[in-house]
Asker: 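To start, I am sharing the structure in question, which I have written as structure tokens.
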Amino acid sequence: MNNQSTIFWFSGTGNSLYAARKLSQELDIALTQITEAAPSGAVGGNGVKVGFVFPSYYLNLPRAVRTFVEKLEIKPDTYIFSVVTMGGVGHGSITAMNRALKNKGLNLNYGKGIKMPDNYVLLYNPADSVASETLLNKNDTQLRKIAAEIKSEKQAAGALPFIMNNLYKKIERLDDKFTVSEGCTGCGLCENICPVRNIRLEAGKPVWKKHCEHCVACISWCPVKAIEYGDKTQSRRRYRNPRIKAADLKRKNDEVLLTGK
């Protein structure tokens with residue numbers, strides 16, 4: 001990994017993994033899940049590309065992404081790019097990535113946001129299947145264009161100087177509204193799909209461990225819709241990227257835990 005071009009990705013409902021896969025195919029470079037990769041040794045170098053694909057969380061970075069970037073050693077002559085998947089505006093997330101890199105004496109060479117089907121079921125009703133497919137078909141074309149720009153090492157990292165930090169101010173409370181119905185079968189998918197190991201089965205039921213990212217993977221992928229959040233999600237659709245399977249998102253390495261502070 002250290003001397004080869006790599007895309008590091010973080011995903012909950014599958015949108016960012018879908019984007020990362022399309023870019024990987026177009027660029028013919030490796031894919032690595034951020035929460036499966038313990039940073040070890042410097043990556044990148046002259047002629048090597050290092051990319052980060054992740055969702056925009058309240059115009060900022062997921063904590064796991066920020067923590068990973070802070071720990072990852074990147075050689076100064078590396079071409080660094082970032083693609084942010086978003087429901088609305090993602091410019092603040094690109095700015096946040098650029099700042100995280102600048103704190104390490106590095107620069108983001110290329111940053112781009114791409115609109116994906118809405119998925120944040122905790123606040124609104126996610127996109128339906130028809131709207132999702134229409135948007136994803138458009139995204140295929142956009143991702144090919146983005147890949148071509150990255151391949152040519154285009155310099156385009158301008159972004160709005162605006163970041164919000166409210167999501168993680170009380171991180172330990174983000175779990176409090178999750179509930180599990182009697183319909184839970186104890187299948188363990190929520191435990192295995194949580195990218196930051198925030199869920200453990202206890203007595204056959206999921207328990208949240210107070211370092212939630214709010215990626216909504218657990219509530220979105222539950223096969224029997226047994227997980228709810230507060231009193232509003234009961235009537236809402238669940239969104240999962242239709243081109244990604246749950247198995248694609250399951251953790252394979254339980255030794256890595258990136259949660260940040």
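The figures that follow rest on heavy atoms only: side chains count, while hydrogens, waters and symmetry mates do not. Keep in mind the model is a prediction, meaning the values are calculated, not measured.
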Asker: Using the test ring pair (Phe, Tyr, Trp, His ring centres under 6.0 Å), find all partners of Phe10 that sit at least two apart in sequence or belong to another chain.
Answerer: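 Partners of Phe10 under the ring pair (Phe, Tyr, Trp, His ring centres under 6.0 Å) test: none.
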
Asker: Of all residues at least two apart in sequence or in a different chain, which pass the ring pair (Phe, Tyr, Trp, His ring centres under 6.0 Å) check with Tyr229?
Answerer: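 Expected list: Phe178, His214.
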
Asker: Please check this pair: side chain of Lys49 against backbone of Leu27, looking for a donor-acceptor N/O pair closer than 3.5 Å.
Answerer: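 Absent.
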
Asker: What I'd like to find out is whether the side chain of Asn139 reaches to under 4.5 Å of the side chain of Tyr18, using heavy atoms alone.
Answerer: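 Touching, per the 4.5 Å side-chain cut-off.
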
Asker: So, are Glu213 and Arg66 salt-bridged, with charged N and O less than 4.0 Å apart?
Answerer: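 No salt bridge links Glu213 with Arg66.
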
Asker: For residues Ser16 and Thr85, is any side-chain donor paired with an opposing acceptor at under 3.5 Å?
Answerer: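 There is such a pair between these side chains.
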
Asker: Taking Lys250 first and then Glu36, would you say they form a salt bridge - that is, a charged N and a carboxylate O separated by under 4.0 Å?
Answerer: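 The answer is no: the pair does not qualify as a salt bridge.
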
Asker: Under 3.5 Å, is there a donor-acceptor pair between the side chain of Arg240 and the main chain of Thr13?
Answerer: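 Here the side-chain-to-backbone pair does not exist.
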
Asker: Apply side-chain hydrogen bond (donor to acceptor under 3.5 Å, both in side chains) to Glu70 and list each qualifying residue two or more places apart in sequence or on a separate chain.
Answerer: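 None.
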
Asker: Under a 4.5 Å cut-off applied to non-hydrogen side-chain atoms, are Phe81 and Lys154 in contact?
Answerer: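 No, their side chains stay 4.5 Å or more apart.
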
Asker: Charged N to carboxylate O below 4.0 Å: is that the case for Asp176 and Lys210?
Answerer: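 So Asp176 pairs with Lys210 through a salt bridge.
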
Asker: Are the side chains of Phe8 and Val50 in contact, using a 4.5 Å heavy-atom criterion?
Answerer: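 When only atoms from C-beta onward are counted, Phe8 and Val50 do touch, with a gap below 4.5 Å.
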
Asker: Taking the side chain from Ser24 and the backbone from Ala30, do they hold a donor-acceptor pair closer than 3.5 Å?
Answerer: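 Checking the backbone N and O of Ala30 against the side chain of Ser24, no donor-acceptor pair under 3.5 Å is found.
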
Asker: Could you check whether any side-chain heavy atom of Phe52 comes within less than 4.5 Å of a side-chain heavy atom of Leu72, counting everything from C-beta outward?
Answerer: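 Counting from C-beta outward, Phe52 and Leu72 do come under 4.5 Å.
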
Asker: Looking only at atom types and distance, does a side-chain atom of Asn46 sit under 3.5 Å from a main-chain N or O of Asp77, one as donor and one as acceptor?
Answerer: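 Absent.
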
Asker: Under 3.5 Å, side chain of Asn192 to main-chain N/O of Gly188, donor-acceptor pair present?
Answerer: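 A pair under 3.5 Å: yes.
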
Asker: Once rounded to the nearest 0.5 Å, what's the spacing between atom CD1 of Ile114 and atom CG of Leu23?
Answerer: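 That separation rounds to 8.0 Å.
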
Asker: What I'd like to find out is whether the side chain of Tyr57 reaches to under 4.5 Å of the side chain of Cys215, using heavy atoms alone.
Answerer: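 Counting from C-beta outward, Tyr57 and Cys215 do come under 4.5 Å.
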
Asker: Who are the side chain to side chain contact (heavy atoms under 4.5 Å, CB included) partners of Asp248, not counting sequence neighbours?
Answerer: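 For Asp248 the side chain to side chain contact (heavy atoms under 4.5 Å, CB included) partners, ignoring immediate neighbours, are Leu17, Arg21, Ile244, Lys245.
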
Asker: Check for a donor-acceptor pair, side chain of Thr6 on one end and backbone N or O of Gln4 on the other, with a separation under 3.5 Å.
Answerer: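 A pair under 3.5 Å: yes.
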
Asker: Find out whether Gln142 and Lys115 are in side-chain contact, i.e. whether some heavy atom of one side chain is under 4.5 Å from a heavy atom of the other.
Answerer: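 Counting from C-beta outward, Gln142 and Lys115 never come under 4.5 Å.
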
Asker: I'd like to know if the side chain of Ser181 and the backbone of Gly183 have a donor-acceptor N/O pair within less than 3.5 Å.
Answerer: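 Indeed, once roles are kept as given, a pair shorter than 3.5 Å links the two residues.
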
Asker: Listed by chain and number, what are the side chain to side chain contact (heavy atoms under 4.5 Å, CB included) partners of Glu26, not counting sequence neighbours?
Answerer: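 Result, side chain to side chain contact (heavy atoms under 4.5 Å, CB included) vs Glu26: Arg144, Ala147.
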
Asker: Within the structure provided, determine whether Leu123 and Lys232 are in side-chain contact (heavy-atom separation under 4.5 Å).
Answerer: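 They are not in side-chain contact.
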
Asker: Using modelled atom types only, decide if a donor and an acceptor are shared between the side chain of Thr67 and the backbone of Ala64 within a distance under 3.5 Å.
Answerer: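 Here the side-chain-to-backbone pair does not exist.
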
Asker: Using the test side chain to side chain contact (heavy atoms under 4.5 Å, CB included), find all partners of Lys145 that sit at least two apart in sequence or belong to another chain.
Answerer: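 Result, side chain to side chain contact (heavy atoms under 4.5 Å, CB included) vs Lys145: Glu149.
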
Asker: Taking atom types as modelled and ignoring hydrogens, do the side chains of Asn15 and Asn241 form a donor-acceptor contact shorter than 3.5 angstrom?
Answerer: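 Indeed, the side chains of Asn15 and Asn241 share at least one donor-acceptor pair under 3.5 Å.
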
Asker: Which pairs count as salt bridge (charged side-chain N to carboxylate O under 4.0 Å, His left out) when at least one residue sits in residues 128-140, sequence neighbours excluded?
Answerer: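 Non-adjacent pairs meeting salt bridge (charged side-chain N to carboxylate O under 4.0 Å, His left out): Lys22-Asp140, Glu133-Arg243, Asp140-Arg243.
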
Asker: Identify the two heavy atoms, one from Leu189 and one from Ala246, that lie closest to each other, and give their separation to 0.1 Å.
Answerer: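 Closest approach of Leu189 to Ala246: CD1-CB, 4.1 Å.
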
Asker: Who pairs with Lys102 by side-chain hydrogen bond (donor to acceptor under 3.5 Å, both in side chains), at least two apart in sequence or on another chain?
Answerer: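 For Lys102, the residues satisfying side-chain hydrogen bond (donor to acceptor under 3.5 Å, both in side chains) (neighbours in sequence not counted) are Asn107.
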
Asker: Going by side chain to side chain contact (heavy atoms under 4.5 Å, CB included), name the residues that satisfy it together with Glu182, two or more places apart in sequence or in a different chain.
Answerer: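 By the side chain to side chain contact (heavy atoms under 4.5 Å, CB included) rule, Glu182 matches no residue at all.
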
Asker: If you count the non-hydrogen atoms of other residues, nucleotides and ligands that lie under 6.0 Å from CG in Asn103, is the total more than 12?
Answerer: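 Result for CG/Asn103: enclosed.
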
Asker: Of all residues at least two apart in sequence or in a different chain, which pass the ring pair (Phe, Tyr, Trp, His ring centres under 6.0 Å) check with Tyr79?
Answerer: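 Testing Tyr79 for ring pair (Phe, Tyr, Trp, His ring centres under 6.0 Å), a comparison that skips the adjacent residues, returns none.
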
Asker: Main chain of Ser93, side chain of Asn60: is a donor-acceptor contact present, judged purely on distance under 3.5 Å?
Answerer: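 Not a single qualifying donor-acceptor pair exists.
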
Asker: Taking salt bridge (Lys or Arg N to Asp or Glu O under 4.0 Å) as the test, write out the residues that go with Lys205, two or more places apart.
Answerer: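 Partners of Lys205 under the salt bridge (Lys or Arg N to Asp or Glu O under 4.0 Å) test: none.
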
Asker: Cut-off 3.5 Å, no hydrogens considered: what does the side-chain donor-acceptor table look like for residues 219-227, sequence neighbours left out?
Answerer:
| unit_1 | atom_1 | unit_2 | atom_2 | d |
| --- | --- | --- | --- | --- |
| Ser220 | OG | Val216 | O | 2.6 |
| Trp221 | NE1 | Gly12 | O | 3.0 |
| Lys225 | NZ | Arg236 | O | 3.2 |

Asker: Check whether the side chains of Thr179 and Glu228 place a donor and an acceptor atom closer than 3.5 Å, and report yes or no.
Answerer: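 No, because no side-chain N or O of Thr179 sits under 3.5 Å from a partner of the opposite role on Glu228.
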
Asker: Does a side-chain heavy-atom distance below 4.5 Å link Asp118 with Asn125?
Answerer: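 Contact flag for Asp118/Asn125 side chains = no.
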
Asker: Do Glu191 and Arg197 meet the salt-bridge criterion of a basic N to acidic O distance under 4.0 Å?
Answerer: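 Answer for the salt bridge query: no.
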
